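Here the structure is laid out as structure tokens; the discussion comes afterwards.
Because the structure is a prediction, the values reported are computed rather than measured.
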Amino acid sequence: MSDLEKPLRPRRKKIWVDYFVQFRWIIVIFVVLPLSFAFYFLHYLGDMRSERKSFERRQKAHDENVKKVVNRLKQRNPSKDGLVCTARKPWIAVGMRNVDYKHARHFEVDLSEFRNILEIDKERMVARVEPLVDMGQISRVTVPMNLSLAVVAELDDLTVGGLINGYGIEGSSHLYGLFSDTVVALELVLADGRLIRATKDNEYSDLFYAVPWSQGTLGLLVAAEIKLIHVKEYMKLTYTPVVGNLKDIAQAYMDSFAPRDGDQDNHAKVPDFVETMIYTPTEAVCMAGRYASKEEAEKKGNVINSVGWWFKPWFYQHAETALNRGEFVEYIPTREYYHRHTRCLYWEGKLILPFADQWWFRWTLGWLMPPKVSFLKATQGEAIRNYYHEMHVIQDMLVPLYKVGDALEFVHKEMELYPIWLCPHRLYKLPIKTMVNPEPGFEHAHRQGDTDYAQMYTDVGVYYAPGPVLRGEKFDGVAAVRNMEDWLIENHGFQPQYAVSELSERNFWRMFDASLYEHCRRKYGAVGTFMSLYYKSKKGRKTEKEVREAEQQHLEGPYVEIEQPAE
């Protein structure tokens, strides 16, 4: 049997949860969508009210809120109170990772007021924002100025704090790296209540490099300064169909943004935005975008497609038409392009509301889309959540660019899941080893897409129900995720921590580099105050006893010799 042939699987007997999931659209239409629309409308009004305030008023409110956080931390009694966590409810987070650590006794700190854009500094080309500012909010303010964050994650709901402490990527990441790579400065409240500003070259530079991927376990982020770039009104997008096997698709994807002559920094050869969507094991569409002026877009003969309208076909389905139409070019308003996957949540919307992509639904109720992910989570219950963990896959695999073909064949063999999203990103060689690092010696291999200062990686986005599940066959989702994680470790890949993980602690720290993180945990007093990263990411409920034992192990662990913070 070849690697791409379907393995024989026995039929799976349906249980009550299958029927609940099948007809969950009833709850989504009559409960989730109206609540989502009301929330987004009220959220918009709050943003408008905040944006009308002067810089001085916003800064004053920010300073007052920071004082509340500092005072709250100082009220904590380490011997009696639990570990510090935010007061945010577990179901509010966009990611699929369990947040059952909040079932253990904990000490809550409220950060709900930190959702304002503090300043857009056009001279420094920096946006200073609070951690709960989301991508829809920041793009609504900056794009009319012909400015943008260098990396704007596609889904509107994703927040600055989540993208810095966790993982964020966009089609421009092959130029600028991950979201955290575009950060200029971090403002954090440490375990002892100190407010500090960390940059790559000040006294807190170690903390600056340690915060990405740390999931808020080193301190509480209260503001960040993020790089801005100049943009134009439209994105000129070229859709190119690809037909062939998965290795052929991988090569076409690489060729769409990585010149074979190694001239990766030549803007004439490298587009501003890149992504590829794979629809079957033999069909894909590569998309390359370049910013374009309004004058260019409106020239006679050019096609303008405002994909953001509620009645428009979902973006991934629109792109798929290139397989029949052949290569074509169109102009999309820049902000609508940034958020092209929001309305249908990539293609997850097809599972949540199977008929929501039909013209009649888009015209009549499409304006209610998308359902807010946190409301979907709040209405699913424990049994449904467990079902999705076992019968559904929402994972990102970060792999070296030259291994994309191997990764695609692995996903097909283990999960047989389509569509698949491909998005490249630079993984920089930094002056200090962080939690994720390029492969040793990559700069000497001169592989396609690499430079002397960064190795090109790719996010292989795997979001949908696997083929066996759709066919009613038995599927072991836990085993598939474990196999995926083993494959990533063996191939110097990484798994973003928003996702459900089956990693043991030993394998977790085989995937990620713990040295800088553990150094900062001890230097800045996070041990005993904030839960350790692995334990926070670990699947399953955590009791107070488990939490305390885990923290004690860290206090007695191999990094005890690290310099402690000065008294």
ask   = If only atom types and distance count, is the side chain of R426 paired as donor or acceptor with the main-chain N or O of Q455 below 3.5 Å?
value = no
ask   = W213 vs Y167 aromatic rings, parallel, tilted or perpendicular, using cut-offs 30° and 60°?
value = tilted
key: Residue pair T458 / H425, side-chain donor-acceptor N/O under 3.5 Å   = no
key: Euclidean distance, L220 CG relative to L73 CG, rounded to 0.5 Å   = 5.5 Å
ask   = Given S139 and H339, is the side-chain contact (heavy atoms from CB on, under 4.5 Å) satisfied, shown in steps?
value = CA-CA 9 Å; S139 66; H339 304 296; 2.7 Å; yes
inquiry  = Looking at S173 and I169, would you say the former's side chain and the latter's main chain have a donor-acceptor pair under 3.5 Å?
reply    = no
request  = Under the side-chain contact (heavy atoms from CB on, under 4.5 Å) rule, what do L221 and N165 come out as? Steps first, then yes or no, please.
outcome  = CA-CA 9 Å; L221 181 68; N165 281 297; 4.0 Å; yes
task = Return yes if a side-chain donor-acceptor contact under 3.5 Å exists between Y40 and D156, otherwise no.
result = no
message = Counting only heavy atoms from other residues, nucleotides and ligands, does the tally under 6.0 Å from NZ of K429 exceed 12?
response = no
message = Under the criterion side-chain contact (heavy atoms from CB on, under 4.5 Å), I'd like the reasoning laid out for F179 against I226: C-alpha separation, chi angles, the key distance, then a yes or no.
response = CA-CA 9 Å; F179 187 90; I226 308 171; 3.8 Å; yes
inquiry  = I'd like to check I352 versus W25 (side-chain heavy atoms, cut-off strictly below 4.5 Å). Are they in contact?
reply    = no
message = Ring-plane angle category for F375 and F39, please: parallel below 30°, perpendicular beyond 60°, tilted otherwise.
response = perpendicular
task = Give a yes or no on whether Y44 atom OH has more than 12 heavy-atom contacts from other residues, nucleotides or ligands under 6.0 Å away.
result = no
task = Check T86 against E108 and note the closest heavy-atom contact, atom names and distance.
result = O-CG, 4.3 Å
request  = Report yes or no: does E187 contribute a side-chain atom to a donor-acceptor pair with the main-chain N or O of A223 at less than 3.5 Å?
outcome  = no
task = Might you point out which heavy atoms bring A292 and K232 nearest each other, and give the distance in Å?
result = O-CB, 3.3 Å
Non-hydrogen side-chain atoms of L345 and V373 separated by less than 4.5 Å = yes
request  = Just say parallel, tilted or perpendicular for the rings of F114 and H62, cut-offs at 30° and 60°.
outcome  = perpendicular
task = Show your reasoning for whether salt bridge (charged side-chain N to carboxylate O under 4.0 Å, His left out) applies to R115 and D134.
result = CA-CA 8 Å; R115 52 182 303 270; D134 61 42; 6.0 Å; no
inquiry  = Ring-plane angle category for F512 and W509, please: parallel below 30°, perpendicular beyond 60°, tilted otherwise.
reply    = perpendicular
query = In terms of ring plane angle, is the pair W309 and F311 parallel, tilted or perpendicular, where the classes change at 30° and 60°?
reply = parallel
task = To the nearest 0.5 Å, tell me how far I332 CD1 sits from K312 NZ.
result = 9.5 Å
query = Should R340 and E170 count as an ion pair when the cut-off is N to O under 4.0 Å?
reply = yes
message = Treating N507 as the side-chain partner and L503 as the backbone partner, does any N or O pair qualify as donor plus acceptor under 3.5 Å?
response = no
query = Would you call the rings of H341 and W421 parallel, tilted or perpendicular if under 30° counts as parallel and over 60° as perpendicular?
reply = perpendicular
task = Mind jotting down which residue pairs meet the salt bridge (charged side-chain N to carboxylate O under 4.0 Å, His left out) criterion with at least one end in residues 171-185? Sequence neighbours excluded, please.
result = none
message = In this structure, is the centre-to-centre distance between the rings of F273 and Y337 below 6.0 Å?
response = yes
key: Salt bridge flag under 4.0 Å for residues D157 and K372   = yes
key: Sidechain N-carboxylate O distance under 4.0 Å for K433, D513   = yes
query = Strictly by modelled atom types, are T217 and Y535 linked by a side-chain donor-acceptor pair under 3.5 Å?
reply = no
inquiry  = Working note: E51 + R140, criterion side-chain contact (heavy atoms from CB on, under 4.5 Å); need CA distance, chi angles, decisive distance, verdict.
reply    = CA-CA 11 Å; E51 290 162 18; R140 186 172 57 247; 4.0 Å; yes
inquiry  = Consider side-chain contact (heavy atoms from CB on, under 4.5 Å). Of E130, Q59, R49, which one does N116 pass it with?
reply    = E130
Minimum side-chain heavy-atom gap I26-F30 below 4.5 Å = yes
inquiry  = So V70 and R194, do their side chains get closer than 4.5 Å, heavy atoms only?
reply    = no
ask   = Do any N or O atoms from the side chain of S172 and from the backbone of D272 form a donor-acceptor pair under 3.5 angstrom?
value = no
key: Under 3.5 Å donor-acceptor, R521 side chain and F530 backbone   = yes
task = Determine whether I394 and E348 make a side-chain contact, defined as any pair of heavy atoms from C-beta on separated by less than 4.5 Å.
result = yes
query = Between the side chain of S148 and the main-chain N/O of A150, is any donor-acceptor distance below 3.5 Å?
reply = no
key: Side-chain donor/acceptor of R343 to backbone N/O of G349, under 3.5 Å   = no
query = Is the backbone N or O of G46 less than 3.5 Å from a side-chain atom of S50, with the two atoms forming a donor-acceptor pair by type?
reply = no
ask   = From R57 CZ over to R52 CZ, what is the distance, rounded to the nearest 0.5 angstrom?
value = 10.0 Å
key: Carboxylate-amine/guanidinium proximity below 4.0 Å for R128 and D121   = no
key: Ion pair K68/E113, N-O distance below 4.0 Å   = no
ask   = Does a side chain donor of either E485 or S501 reach within less than 3.5 Å of an acceptor in the other side chain?
value = yes
query = Charged N to carboxylate O below 4.0 Å: is that the case for R197 and E225?
reply = yes
inquiry  = Does any part of the side chain of W314, heavy atoms only, come nearer than 4.5 Å to the side chain of M369, both counted from C-beta?
reply    = yes
query = Distance only, no hydrogens: is a donor on one side chain within 3.5 Å (strictly under) of an acceptor on the other, for Y524 and D192?
reply = no
task = Indicate yes or no for a side-chain donor-acceptor contact from R362 to the backbone of A356 under 3.5 Å, with no hydrogens or angles considered.
result = no
inquiry  = I want to check something: taking the side chain as every heavy atom from C-beta on, are L118 and V129 in contact at a cut-off of under 4.5 Å?
reply    = no
inquiry  = Is any side-chain heavy atom of L516 closer than 4.5 Å to one of D206?
reply    = yes
